[in-house]
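Encoded as structure tokens, the structure appears first; notes follow it.
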Amino acid sequence: MRYAYYTLAFVTVLLFSVMGFRGMISTRPPIEVFPDMDHQAKYKAQAESKFFADGRADRPVPAGTVPFGRDANQSDPAFLRADDAHYAGKNADGSFVRGFPIEINEAVVRHGQGRFQIYCAPCHGALGDGNGITKSYGMVATPTYHDDRLRTMAEGEIFNTITAGKNTMFPYADKLSPDDRWAVVAYVRALQRSHHGTIDDVPPDQRGGLK
Amino acid sequence: MSKIFPKSANALPLQILIFLGVLGGVATAGITYYATPAYLRVGYQPVQPVPFDHSLHAGQLGIDCRYCHASVEKSATSSVPAAQTCMNCHSLIKAQSPLLEVVRESYRTGDPVPWVKIHNNPDYVYFNHSVHVNRGVSCVECHGKVNEMTVVRQDKPHSMSWCLDCHRDPASRIRDPKDVYNLDSQTLADQGKIADAHKFITDWKVKPPTSCSGCHR
């Protein structure tokens, strides 16, 4: 009987030394104990497809596609993005829009601040001075927003820079919806205002601590 | 007639029963320890086609998770970024690096970078990122300290009981919504603000499903 216990102890030790402990790093895919319906005949986002030649389950939109499920009787301004001022930042004659096609209030500017800090601050810096973290790693071309050219630039042109990119700056249209982009433009304007602010911009009753 | 069995054999049936009990116990312990996701999945760290380093990009450079995983707060899936996202910077920074050849190739041709997926729910489970991150559940609760990982690995078992542990008691695991993307932040409970957590849960009507149809639709 003693030997049975010895064997059990030996097998246990052997098991531990072969199998190791929980949480150990492994490059092999996890074993599925009961792979019941783990892999069904459906695609999840960004999955691989064996059917399409390029291996992508997410299909690119074919050229000329029109969104399904709406008709001319439903007025939906986002439909076809026909409003150039809103969706391209341009007037009918192709010049850039001045002012904003959306209503600007505090909520919009706060939203723009959040988006700016995620998508723009790594290069343009939290203050918009062009000194983001990437400057010290070689992105030296990033300009400051606080020179006269950018301060007098039409809002639509900044919108267009975000949508289509400019020279060495890549487009951000895939990350920011048109309304997000207008909110970011509003926040860029707020940064420019604050950078060139003077004591006269502060209401007299709040000047207390500022000198 | 001589005895076939010695006297000590009288105790044998009992001893065998006890041994079988011990054996059963050890086997159960072994299976619970080894045949569950906590052993099978945690620590899975596949070799990626590009040695992308989260501790550099998200930790040292401080880039927000959403810069790359842009759809996490808007949709069910948290998208892995397209090559263009990398090229935003790497068209100028380390533009010639041989480590980034796969990314440049993908940007030129449009074919995806063959990233290996690490976290994988079975297809019969419905999971949604946006409901979680917009209700104060931080990435760190489910992915561990990604901002300190050189190579991402699975840090939590993602088993059904693990999901339910939180769904039954979300108050102890949620953060202030503005801390969700800051992986070094603490939960409200750890900050000693458990009352705020309960208030958040009633104000925002946070009701994680614990019935089967919530996750198996």
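All chains are named by letter (A, B, ...) in the order of the sequence lines, taking the proteins before the strands, and each is independently numbered beginning at 1.
Note: H143(B) and H129(B) have parallel aromatic rings, judged against thresholds of 30 and 60 degrees for the angle between ring planes. Between H54(B) and F52(B), the angle of the ring planes goes over 60°, which puts this pair in the perpendicular group of the 30/60° scheme. Classification of the F21(A)-F16(A) ring pair by plane angle, with boundaries at 30° and 60°, yields tilted.
K44(A) places none of its side-chain heavy atoms less than 4.5 Å from the side chain of T77(B). Two residues are said to be in side-chain contact when any heavy atoms from C-beta on lie closer than 4.5 Å; S55(B) and N147(B) fail this criterion. Within the 4.5 Å cutoff, the side chain of K156(B) has no heavy atoms near those of the V42(B) side chain.
For chain A, no part of K117(B) is nearby; none of its heavy atoms comes within less than 4.5 Å. Both the backbone and the side chain of Q40(A) have a heavy atom closer than 4.5 Å to some heavy atom of chain B. Heavy atoms of M24(A) lying under 4.5 Å from chain B belong exclusively to its backbone. Contact of K175(A) with chain B is made through backbone and side chain together, with heavy-atom distances under 4.5 Å. Using a 4.5 Å cut-off between heavy atoms, L15(A) contacts chain B through both its backbone and its side chain. Proximity to chain A (any heavy atom under 4.5 Å) is shown, for I31(B), by neither the backbone nor the side chain. Residue P35(A) does not touch chain B at all, counting heavy-atom pairs closer than 4.5 Å. Of the atoms belonging to Y124(B), heavy atoms from both backbone and side chain fall under 4.5 Å from chain A. Residue R153(B) touches chain A through its side chain alone, counting heavy-atom pairs closer than 4.5 Å. Interface residue P29(A): backbone and side-chain heavy atoms are both found under 4.5 Å from chain B.
Counting non-hydrogen atoms of other residues, nucleotides and ligands closer than 6.0 Å to CE of M19(A) gives a total above 12.
Of the listed residues G165(A), P171(A), G55(A), the one with more heavy-atom pairs under 4.5 angstrom with chain B than any other is P171(A). Across I16(B), D111(B), T85(B), the residue that shares the most heavy-atom pairs under 4.5 angstrom with chain A is T85(B). By number of non-hydrogen pairs under 4.5 angstrom with chain B, the leading residue of V11(A), I133(A), L176(A) is I133(A). Of the listed residues (L12(B), T109(B), V80(B), I63(B)), the greatest number of heavy-atom pairs within a distance under 4.5 Å of chain A belongs to V80(B). Ranking L23(B), I93(B), T36(B) against chain A, the residue ahead of the rest is I93(B), based on heavy-atom pairs under 4.5 Å. Each of R41(B), Q84(B), Q154(B), K74(B) has some count of heavy-atom pairs under 4.5 Å with chain A, and the biggest count is that of Q84(B).
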* Asked: Is there a ring pair (Phe, Tyr, Trp, His ring centres under 6.0 Å) between Y107(B) and F170(A) once you walk through the steps?
  -> CA-CA 12 Å; Y107(B) 181 65; F170(A) 279 56; 5.8 Å; yes
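Using a cutoff of 4.0 Å between basic side-chain nitrogens and carboxylate oxygens, E157(A) and K166(A) are scored as salt-bridged. Electrostatic pairing of D123(B) and K42(A) does not count as a salt bridge here, judged by no charged N lying under 4.0 Å from a carboxylate O. Ion pairing between a basic and an acidic side chain is recognised when a charged N comes within 4.0 Å of a carboxylate O; E101(B) and K94(B) show no such pairing.
Every residue meeting the side chain to side chain donor-acceptor pair (under 3.5 Å) condition with D54(A), not counting sequence neighbours, appears here in chain and number order: R56(A), R59(A). For V116(B), the side-chain contact (heavy atoms from CB on, under 4.5 Å) test picks out Y44(B), P46(B), Q48(B), with sequence neighbours left out.
The cationic group of R22(A) lies under 6.0 Å from the six-membered ring centre of Y33(B) and within 45° of the ring axis, placing it in a cation-pi geometry.
Remark: the D179(A) side chain and the H86(A) side chain contain an N/O donor-acceptor pair separated by less than 3.5 Å.
Proximity to chain B at a heavy-atom threshold of 4.5 Å picks out M139(A) from residues 139-151 of chain A, in numerical order. At a heavy-atom separation below 4.5 angstrom, chain B is approached by R115(A), I118(A), Y119(A), P122(A) within residues 100-122 of chain A.
Taking the six-membered ring for Trp and the full ring otherwise, H132(B) and F127(B) have centroids separated by under 6.0 Å.
With rounding to the nearest 0.5 Å, the separation of OH in Y181(B) from OG in S138(B) is 9.0 Å.
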